[in-house]
Amino acid sequence: MLNSNETILERLNPAQRDAVTTTRGPLLVLAGPGSGKTRVITHRIAYLLGPGGVPASAILAVTFTKKAAHEMVERLQTLVLGQSRHLLIGTFHSICSRILRQDGEAIGVARTFTIADEDDQERIVRRVIKDLNWDEKRNPPGAFLSRISAAKSHLIGPDEFRRAADSYADELAAVVYQHYQEELGKADLLDFDDLIMRTVHLFQERSDVLAKYQERYQHILVDEFQDTNLTQYALIRLLGQRYRNVCVVGDEDQSVYSWRQADIRNILNFENDFPDARVVVLEQNYRSTQTILWTAREIITPNRQRKDKRLFTENDRGERIFVFEGYDENEEAQYVATQIERLLASGTVHYRDVAVMYRTNSQSRVLEKTFLRHRLPHKVVGMRFYERKEIRDLLAYLRLCYNPNDLTSLERIINVPARDIGAKSIADLQLWAARAGRTVPEAIRALALDEELGVPCPLSKRARTNVAEFGRLLMTLQAASHELVVGRLIEKIASLTGYQEFLRDGSQEGESRWENVRELMTVADEFSAYDAPTSLASFLEDVALAADADEYDSSADAVTLITLHAAKGLEFDVVFIVGLEEGLCPHNRSIESNDLSQLEEERRLLYVGVTRARRRLFLTYASRRTQFGTVMPRQPSRFFKDVPRELVFGTARAVQAPGRRHGWTDPGPAGPVTSRSSLPRPLASSSEALRAKPAGTPTRFKPGDRVEHPKFGEGVIVSVEPRGEDAEVTVAFPDLPIKRLLASYANLRLL
DNA sequence: AAAGCGTTTATTTTT
DNA sequence: TAAACGCTTT
């Protein structure tokens, strides 16, 4: 019944149905925002399992974020019941990590490898530069790391990189790349890019291993295909080339990760590599109002690097777009908070239905400050839990339990909490290990067990005692890691190492840091509850591959503060996009690059933000903003020129300037978008507030009127108070406390 | 080894 | 602005 044809194909439009039922051969689905992309993917899997007769174990679905993977699993559970358990749905990184854990030894990847995160990468490059005796100031690690990452994303190893180096900068990078890989190797570490690149190497070098996975995963689906880099695409191509049942879903207009080497050209290459690919375009939007969709269309149309799509919707026209100019970022935040309060007062919106989006994380600060003052419940996505010092310290101990060779983790915690092992002791330790032909962890172990290494130990007596004690501590913890579930292991580490005492120094901050550690234990306990209880390896992997957007939790009733990047894939009734200024969106880095494709990416970013909104969209900017402690005048974003003025409500400067003439002329049905009285009045900016003349809009309501509210039901108007152009109505609903509502927001219907 | 102090520097976006 | 760094002193 559940898997029957009718159930799965019910309520799919023809294009969606096409994408779901084309199960044989390559398929490219170009899916505009809100076009039911996830629905297509999940229904396609259900269709494969049911009418297609494909066993769950033969299906591989790849996503970019864990959250997307989770959502897919969840939606599938109701669709196909128990079968979803045998599907492999995961991120590129988690899937590759799994493959390497299983078969990586064939190309020399240690079975107990751990994953190096950004912080580790930076430490390693720092160490390399230091060992090379290069000037640490003139050689910032970030620049090298991005070159290395770019190389790996193009499947270029250190040797090939050196051969291709045609600039001094590249030659330096080649040297760093070489050493960096050696350091990773010594510590049994793989960085994010290695996970993918090494898997491709494995498949290239071992046809038997490749054949095994090709046979296993006869049906492959890739979500957010526009975000794949060359290496990721190579992986998919290798896996899929035998059975050719490869379905990729993407939208080049939502490609915002080119800086991470994502390459839209993969979409074009797909059609070259699989010339028989069927192409399905999903153009009907089910998410947004016409007004929002039209605005989005106008914003994206100027881009040259795109296929023209004809997005349309059968939804209502909806409210006009609100544009607001703030005096500065404080007033801008103030406006956002006030508008949210108004929306809440209407009773038709919950906090969780509202998101505030911005270009850079640093913009969240002023919003948070303002929201705290307004007591608006909110959650900042991207306050990265796993980047907090105390968490990373504890994780370093955990990683050392699993992979004793993890030098980066060792370096991190050898003197945290302080045990008098300073830079000198560490240098001596390295020297000693090098002379004896051993690794640093081995040298520590030797000290702990009072063993000789055959060469004199340069450490002072005191240092030797300290290191030996530390070594024994580590060995105790390593032994414990085989006995305890992860949560209890963390507890043991915190107490045995003295980390708990070290954190809880009596300060408020110390307590809150300790709270974070407790939170980590909870995460671990939750993890153990559904995974193998003692699996330290999979916990570490889970944590290492956790991303910001994964934190987004729709269950809590709070306003979401989120970057435009992290907002991709989400949707909200009400969206505020703030800081729409030259220099911020588009960002200075893109303006200065002189690279038009970078500006196109900025445009896509705004497009992504706009298309997150279901019902209402607010676009704001400030006329001055404090950056690096100094106030700078700001200009509204150039993208405002493409926001159709007839769709805008507001008096902000940005939309009064003559707009670009755009091709869209459809005035829609005669009459205003919505009756004026039902439009909320946007706050005027302070300068305009002085000039603004209240229009004195009369309200439609009078005391005694019977009205209907979408949420509270039928009620009777008690009183009506003018509020500028608006009116505050007091309404009595049976069995409910008396409500005071703003006429413009409340959506009351006269009975 | 660690704490204190003055100076500087930086903010895209993140699997 | 505020985190990070390098220099000094204890």
Side-chain angles (χ1 to χ4, degrees), chain A residues 62-69 90-97 115-119 121-122 126 136-137 140 142 145-146 149 152-153 190-197 223-224 227-229 231-232 255-262 329 357-366 369 381-382 384 386-387 389 414-427 460 462-463 466 541-551 562-569 579 583-593 598-599 601-602 604-606 608-609 625-632:
Chain A
V62 192
T63 63
F64 272 82
T65 63
K66 261 189 350 188
K67 189 191 165 272
T91 64
F92 270 102
H93 294 88
S94 70
I95 287 165
C96 288
S97 173
I115 297 167
D117 59 33
E118 222 173 303
D119 192 70
Q121 293 179 290
E122 205 178 302
R126 279 228 159 81
E136 288 173 74
K137 263 194 130 161
L145 279 168
S146 62
S149 173
K152 290 182 178 178
S153 304
L190 294 180
D191 68 19
F192 288 126
D193 299 309
D194 283 336
L195 291 174
I196 321 280
M197 183 175 75
D223 191 14
E224 305 280 11
D227 289 338
T228 50
N229 64 36
T231 304
Q232 288 162 333
S255 162
V256 290
Y257 286 113
S258 73
W259 50 275
R260 221 172 55 197
Q261 315 302 322
E329 71 273 20
M357 301 178 186
Y358 36 82
R359 178 66 228 270
T360 65
N361 273 310
S362 59
Q363 291 169 259
S364 68
R365 182 172 287 159
V366 61
K369 194 182 74 186
V381 177
R384 296 192 241 182
Y386 293 111
E387 277 181 20
K389 255 194 219 95
I414 191 166
N415 203 29
V416 182
R419 32 180 91 86
D420 283 356
I421 305 174
K424 178 76 167 70
S425 308
I426 293 168
S460 71
R462 210 173 77 91
N466 290 336
E541 183 170 301
D542 206 61
V543 166
L545 301 178
D548 277 1
D550 304 342
E551 292 174 40
I562 193 168
T563 64
L564 288 165
H565 279 91
K568 189 149 71 88
L584 217 42
C585 187
H587 196 275
N588 265 333
R589 281 273 215 285
S590 300
I591 296 173
E592 287 160 8
S593 78
Q598 290 227 39
L599 277 172
E601 180 143 323
E602 298 281 331
R604 291 196 290 270
L605 203 46
L606 178 58
V608 165
R625 181 175 296 271
T626 307
Q627 278 184 317
F628 310 136
T630 38
V631 183
M632 297 292 282

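Letters A, B, ... mirror the listed sequences (proteins, then strands); counts begin at 1.
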| task | Would you indicate what A:N415 reaches in the nucleic acid, counting non-hydrogen atoms under 4.0 angstrom: base, sugar-phosphate, or nothing? | result | sugar-phosphate

| note | CD (A:Q598) and CH2 (A:W259) are apart, to the nearest 0.5 Å, by 12.0 Å

| message | Taking the minimum atom-to-atom distance to the side chain of A:T65, which one of B:dA2, C:dC5, B:dT15 wins? | response | B:dT15

| said: For the backbone of A:L564 and the side chain of A:Y358, can you confirm whether one donor and one acceptor N or O come within less than 3.5 Å of each other? | reply: no

| request: Identify whether any heavy atom of A:T563 sits under 4.0 Å from a base atom; if not, whether one sits that close to sugar-phosphate; answer base, sugar-phosphate or nothing. | output: sugar-phosphate

| field | Separation of atom CD in A:Q363 from atom P in B:dT11, rounded to whole Å | value | 15 Å

| task | For C:dT1, take OP1 and OP2 only and decide whether either is under 4.0 Å from a side-chain N or O of A:T626. | result | no

| Nearest to the side chain of A:K424 - B:dT11, C:dA2, B:dA1? | B:dA1

| task | Give the rounded distance in Å between these two atoms: CG of A:D119 and C1' of C:dA4. | result | 14 Å

| task | Measure from CD on A:E122 to P on C:dC5 and round the result to the nearest Å. | result | 9 Å

| query | Could A:D227 and A:R260 be called an ion pair, given the rule that one side-chain N must be under 4.0 Å from one carboxylate O? | reply | no

| Counting distance only, does the side-chain N/O of A:R419 pair as donor-acceptor with the main-chain N or O of A:I414 below 3.5 Å? | yes

| field | Distance in angstrom units between A:K389 NZ and C:dA3 P, rounded | value | 9 Å

| request: Measure from the side chain of A:R260, starting at C-beta and using heavy atoms only, and say which of B:dT15, B:dA2, B:dA10 lies closest. | output: B:dT15

| said: Once you apply a heavy-atom cut-off of 4.0 Å, does A:F64 come out as touching a base, just sugar-phosphate, or nothing? | reply: sugar-phosphate

| Nearest to the side chain of A:Y257, which nucleotide is it out of C:dA2, B:dT14, C:dC5? | B:dT14

| P-based separation of B:dT13 from C:dA4 [nearest Å] | 15 Å

| task | Just compare B:dA2, B:dA10, B:dT14 and give me whichever is closest to any side-chain atom of A:H565. | result | B:dT14

| query | Considering only side-chain heavy atoms of A:F628, which listed nucleotide, B:dA1, B:dT14, B:dA10, is closest? | reply | B:dA10

| query | Between A:T63 and A:S590, which is nearer to the 5' end of DNA chain B once each is assigned its nearest nucleotide? | reply | A:S590

| request: Whole angstrom is fine here: how far is it from CD in A:E118 over to C1' in B:dT13? | output: 11 Å

| B:dA10 P sits how many Å from A:N588 CG, rounded? | 15 Å

| message | Using only atom types and a distance under 3.5 Å, with no angle test, would you say the side chain of A:E601 pairs donor to acceptor with the backbone of A:S258? | response | yes

| task | Assign each of A:R419 and A:V256 to its nearest nucleotide of DNA chain B by heavy atoms, then name whichever residue's nucleotide is nearer the 5' end. | result | A:R419

| When you check the phosphate oxygens OP1 and OP2 of B:dT13, does a side-chain N or O of A:N361 lie under 4.0 Å from one of them? | yes

| Protein-nucleotide distance (A:L584, atom CG; B:dT11, atom C1'), rounded to Å | 10 Å

| query | Ignoring hydrogens and angles, are the base of B:dT15 and the side chain of A:H93 linked by a donor-acceptor pair under 3.5 Å? | reply | yes

| query | A:R365 has a side chain; which of B:dT11, B:dT15, C:dA2 sits nearest to it? | reply | C:dA2

| request: Take the protein atom CD of A:E224 and the nucleotide atom C1' of B:dT15, then report the distance between them rounded to whole Å. | output: 12 Å

| task | Enter the distance from A:K369:NZ to A:E329:CD here, rounded to the nearest 0.5 Å. | result | 7.5 Å

| note | With the side chain defined as heavy atoms from C-beta on, A:F192 is closest, among B:dA1, B:dT14, B:dT15, to B:dT15

